[in-house]
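Labels below follow one simple rule: chain letters A, B, ... track the order of the sequence lines, proteins then strands, and each chain is numbered from 1.
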Amino acid sequence: MLEPTQILKLGALVSCALSAVMLVAWLIRRPPLGPGAKLWLFFGLGPLPIAAALMGNIANLEVSKERRFCDSCHVMNPYVRDAEDPHSRSLASLHSKNAWFGGESCYVCHADYGMFGTATTKIGGLRHVWDYYVNDWSSGSRRPELYKPYDDHTCMRCHPQSGDRRPLAHEVHSRMMGEGKVTCASKGCHGPPHPAWPAPEGSGAPGPQAAAPRGGEP
Amino acid sequence: MSAPSTSKMELRIRIACVSSLISLALMAWSMVDSRPIAVIIAMSIGQALGTLSLALFLIVVIWDLRRARVLAPESERLPEPPRSERAAGSEPPAGS
């Protein structure tokens, strides 16, 4: 049974193939520009490529939510290895074991909320890609970092803090959370979310600490 | 703006076809190899090329329609008859 994403990809590929056949046929035969040829070209240049683009965009957006997509950038490998480690006790690993969204755990925990959440998340991802290609990451001392503080509301989507069932520790730390001094994922609370960044080979120095109080965590 | 000759229009359509084939190849690449760089290129360069090729084709169609006087510009249309001639016989005589 094909998954919806695979069906969309297949549809996009079929549209691409049909359109390519129509265009190549016109380029080889080059008939006079009569009404029939114009209609032929219109379908080859209009509806079929548009259908391919629409289905392809949806499929690509869905694929880009998967953890293996994040893993295709090698700077993310240490995080993904930890998330997939069945013995790890990091927050990322615990959430990656979830049967409902484990395969998309990177996206679920790092996506922005709201109507344009997907778009702003993808724009943030593009910024990471741009940064990766224009700056030197080869030394291994650099690590992916968030561009803005991690929003605790992301945790509260699944772990709501409603009145009576709110733990005492959350009551005590609510003011500090409001001031941005601690987050859900801070070390000592529920963090660290990810393991310490591996130290550059041969440096002899330990890597940066895993959990910064606010921001800085991928 | 005068309409280009048939050979120029065909050249533009050939450019649109080749551009569209490149965009289709980029989109197909992202379908079979879902790495970030393939997805980014397909969703930016690929779709920009596809949009440009369709726009180029539509421009050629509009030029062709104008050449065939289906969509002739205002200056090339036949002048309309004066209002007095058009209305003669249909308006009531003055003072009635």
**Message:** Does anything in residues 28-37 of chain B reach chain A? List residues with heavy atoms under 4.5 Å apart, or say none.
**Reply:** A28(B), S30(B), M31(B), V32(B), S34(B), R35(B), P36(B), I37(B)

**Message:** Quick check for you: to the nearest 0.5 Å, what is the distance between L8(A) atom CG and M55(A) atom CE?
**Reply:** 7.5 Å

**Request:** Answer whether the closest heavy-atom distance between the side chains of R67(B) and M9(B) falls below 4.5 Å.
**Result:** yes

**Message:** Among A59(A), S19(A), S15(A), which residue has the highest count of heavy-atom pairs closer than 4.5 Å to chain B?
**Reply:** S19(A)

**Asked** Do D151(A) and T183(A) have side-chain heavy atoms sitting under 4.5 Å apart?
**Response** no

**Message:** Let me confirm one number: the CG-SG distance from N98(A) to C158(A), rounded to the nearest 0.5 Å.
**Reply:** 8.0 Å

**Item:** Proximity breakdown for L126(A) and chain B, heavy-atom pairs closer than 4.5 Å
**Value:** side chain

**Asked** What part of L10(A) lies closer than 4.5 angstrom to a heavy atom of chain B: side chain, backbone, both or neither?
**Response** neither

**Prompt:** So which bits of residues 40-52 of chain B come within less than 4.5 Å of chain A, counting non-hydrogen atoms only?
**Reply:** I40(B), M43(B), Q47(B)

**Request:** Would you list the pairs meeting ring-ring contact (aromatic ring centres under 6.0 Å, His included) in which at least one residue belongs to residues 58-77 of chain A, sequence neighbours left out?
**Result:** H74(A)-Y132(A)

**Message:** Treating R67(A) as the side-chain partner and V80(A) as the backbone partner, does any N or O pair qualify as donor plus acceptor under 3.5 Å?
**Reply:** no

**Request:** Answer yes or no: is there a side-chain heavy-atom contact under 4.5 Å between R12(B) and W63(B)?
**Result:** yes

**Request:** Examine whether an atom of A53(A) lies under 4.5 Å from a heavy atom of chain B, and if so say whether it belongs to the side chain, the backbone or both; otherwise answer neither.
**Result:** both

**Prompt:** Rounded to the nearest 0.5 Å, how far does CE of M22(A) lie from OG of S20(B)?
**Reply:** 11.0 Å

**Message:** Let's go through R157(A) and D152(A) carefully: what are the C-alpha distance in whole Å and the side-chain angles of both, what is the deciding distance for salt bridge (Lys or Arg N to Asp or Glu O under 4.0 Å) to 0.1 Å, and is it a yes or a no?
**Reply:** CA-CA 9 Å; R157(A) 275 187 244 165; D152(A) 285 331; over 6 Å; no

**Message:** I want to check something: taking the side chain as every heavy atom from C-beta on, are R30(A) and I13(B) in contact at a cut-off of under 4.5 Å?
**Reply:** no

**Message:** I'd like to know if K122(A) and D112(A) make a salt bridge, using a cut-off of under 4.0 Å between side-chain N and carboxylate O.
**Reply:** no

**Asked** Using 30° and 60° as the class limits, which term best fits the ring planes of H110(A) and H194(A): parallel, tilted or perpendicular?
**Response** parallel

**Message:** What part of S64(A) gets within 4.5 angstrom of chain B, counting heavy atoms only: side chain, backbone, both, or neither?
**Reply:** neither

**Request:** Pick one of side chain, backbone, both or neither for R68(A), based on which atoms fall under 4.5 Å of a heavy atom in chain B.
**Result:** neither

**Message:** If you define the side chain from C-beta out and look only at heavy atoms, does anything of L56(B) sit under 4.5 Å from I15(B)?
**Reply:** yes

**Asked** Heavy atoms under 4.5 Å from chain B: which residues of residues 35-44 of chain A carry them?
**Response** K38(A), L41(A), F42(A), G44(A)

**Item:** R81(A) backbone acceptor or donor facing E84(A) side chain under 3.5 Å
**Value:** no

**Prompt:** With a cut-off of 6.0 Å (strictly less than), are more than 12 heavy atoms of other residues, nucleotides or ligands near CZ of F116(A)?
**Reply:** no

**Item:** D85(A) backbone acceptor or donor facing S88(A) side chain under 3.5 Å
**Value:** no

